[in-house]
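These notes are about the structure you will find just below.
Every chain is numbered from 1, with letters handed out A, B, ... down the list of sequences. Keep in mind that the numbers below use all heavy atoms, side chains included, and drop hydrogens, waters and symmetry copies.
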Amino acid sequence: MKLNEPKIKKMYNLLLNKYGYQGWWPLINYKCKKTLKTKFIEKYHPKDYSFPKTKNELFEICIGCILTQNTSWLNVEKSLYNLNQLKLINPNKIINSHSSTIQKCIKPSGYFNLKTKYIKNFTKAFLENKWSNKNPPSRIELLDIKGVGNETADSILLYGFKVPSFVIDAYTKRILLNLKILNKEEPYNKIKYLFENSLEQKYELFQEFHALLVKHAKMYYTNKKTYKQDFLYEEL
DNA sequence: TTCCAGGCAATAC
DNA sequence: GTATTGCATGGA
C-alpha cells in the first residue's frame with residue numbers, strides 16, 4: 001500500500017460527508033422533474049451518474065471543458081447559453097459555422113479567439129473519429145488536439161465519456177500542498193496517478209471526488225488567508 | 001482598482 | 001525538462 005493511499009480515501013469520505021453529492025457535470029438543458037414546490041431549471045444531478053444521455057449532451061460537456069479553461073463557470077454558462085440560442089451545441093453545426101459566429105457566442109468566457117480554434121479543432125477530431133460513449137477517444141488522441149491539455153483531456157474523458165481518468169486542477173494541487181500530502185509542486189501525471197492508484201477505478205467515484213475537491217477549494221482555497229482553516233488538516 | 005477563475009501553446013533557455 | 005508569457009471576460 002502506498003504511503004498516502006489511506007489519506008486519499010479518507011479525504012473523499014470526509015468531503016462527501018461535509019458537502020454531499022455534487023451532481024457534476026452541470027448541463028444547461030437538464031431540467032429537474034417538476035414538483036409542487038420546485039419548477040426551476042436545475043443544472044446539477046446529484047447521485048445520478050447516467051449523464052450524458054444524448055450525443056448533444058456529450059458534446060456540450062466537451063465544449064464546456066474547453067470553455068472553462070482558466071475561466072469561472074458562470075462565464076462559461078453564458079457562452080453555452082449563447083451557443084444554445086443559435087442551436088450550435090451540435091458538432092455538425094459547429095463545423096459549419098463561421099468562426100466569427102462562435103467568437104461572438106463565447107465572448108463571455110474569455111480567450112474567445114483561441115477557444116474558437118480549440119473548439120473547431122476538437123469538433124473536427126470528434127466527427128472524423130466518430131467518438132461516442134461506445135467509442136471513446138484515448139487520452140493520447142485528445143492530447144494531440146491543439147487546445148486540449150492534461151486537465152481538459154481528463155475532464156472530457158471522465159465527465160463526457162465516463163472513462164475513469166482522474167482530473168487534476170489548480171485547486172487540487174493547492175489542497176495537496178497545503179495538507180502536505182505533497183511537499184512540492186509535482187508533475188501533473190504524478191498527482192493524477194496518486195489519486196488513481198489510491199482508489200477503485202470507477203468513473204462515478206472519480207467524478208464525485210473531483211467535484212468535491214472543487215467545492216472544497218472554493219470554500220477555503222480562493223483566498224490564502226483561509227488556507228489554514230481547512231478542516232481536513234486536523235482530520236487527516 | 002486589483003485580483004482571479006474548474007489552462008494551454010509557443011517560446012526561450 | 002522547466003520557466004515565462006500572451007490570451008480576455010466578468011464578478012468579487
Verify the contact: side-chain N or O of R174(A) to OP1 or OP2 of dA5(B), cut-off strictly under 4.0 Å; return yes or no.
->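 For dA5(B), OP1/OP2 do have a side-chain N/O of R174(A) under 4.0 Å.
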
N or O in side chain of T68(A) less than 4.0 angstrom from dA5(B) OP1/OP2 =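 Result: no.
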
Would you check if there is a donor-acceptor pair between the side chains of K115(A) and S79(A) at a distance under 3.5 Å?
-> no

To the nearest Å, how far apart are [X] [atom1] and [N] [atom2]?
X: Q69(A); N: dA9(B); atom1: CD; atom2: P; value: 8 Å
X: L142(A); N: dG7(B); atom1: CG; atom2: C1'; value: 15 Å
X: N223(A); N: dA5(B); atom1: CG; atom2: P; value: 10 Å
X: K218(A); N: dC4(B); atom1: NZ; atom2: C1'; value: 13 Å

Most 5' of V148(A) and S155(A) on DNA chain B, judged by nearest nucleotide |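 Here S155(A) is the residue nearer the 5' end.
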
Partners passing side chain to side chain contact (heavy atoms under 4.5 Å, CB included) against [X] (at least two apart in sequence or in another chain):
X: K104(A); answer: none
X: Q85(A); answer: Y81(A)
X: N113(A); answer: Q103(A)
X: N150(A); answer: R139(A), L143(A), Y188(A), N189(A)

Short N/O separations, protein against nucleotides 10-13 of chain B, under 3.5 angstrom:
none

All pairs passing salt bridge (charged side-chain N to carboxylate O under 4.0 Å, His left out) where residues 163-180 of chain A contributes a residue, at least two apart |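 Found K173(A)-E185(A).
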
Salt bridge (charged side-chain N to carboxylate O under 4.0 Å, His left out) pairs touching residues 196-213 of chain A, sequence neighbours excluded, are K192(A)-E196(A)

Proximity to DNA chain C (any heavy atom under 4.0 Å), residues of residues 180-192 of chain A only | none

Residue pairs, two or more places apart or on separate chains, that pass side chain to side chain donor-acceptor pair (under 3.5 Å) and touch residues 217-226 of chain A | N178(A)-Y221(A), Y221(A)-D230(A)

Under 3.5 Å, which donor-acceptor pairs link side chains of residues 156-164 of chain A to any protein atom two or more places apart or in another chain?
| from | atom 1 | to | atom 2 | distance (Å) |
| --- | --- | --- | --- | --- |
| Y159(A) | OH | Q207(A) | O | 2.9 |
| Y159(A) | OH | H210(A) | ND1 | 3.1 |
| K162(A) | NZ | S50(A) | O | 2.9 |

Report the distance from atom CZ of F59(A) to atom CG of L127(A), rounding to the nearest 0.5 Å.
->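 Between atom CZ of F59(A) and atom CG of L127(A) there are 7.0 Å.
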
What is the per-nucleotide protein-contact pattern of nucleotides 5-12 of chain C, from the 5' end, where B denotes a base atom under 4.0 Å from a protein heavy atom, S denotes such proximity for sugar-phosphate atoms only, and - denotes neither?
-> --BBBSS-

Counting any heavy atom closer than 4.0 Å, what does L67(A) reach on the DNA or RNA strands: base, sugar-phosphate only, or nothing?
-> nothing

Where at least one partner belongs to residues 94-125 of chain A, residue pairs that pass ring-ring contact (aromatic ring centres under 6.0 Å, His included), sequence neighbours excluded =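 Of all non-adjacent pairs touching residues 94-125 of chain A, those that pass ring-ring contact (aromatic ring centres under 6.0 Å, His included) are F122(A)-F126(A).
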
Pick the P atom in dA8(C) and in dT11(B), then give their distance to the nearest Å.
->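 One P to the other, the span is 16 Å.
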
Taking atom C1' in both dG10(C) and dA9(B), what distance in whole Å separates the two?
-> 24 Å

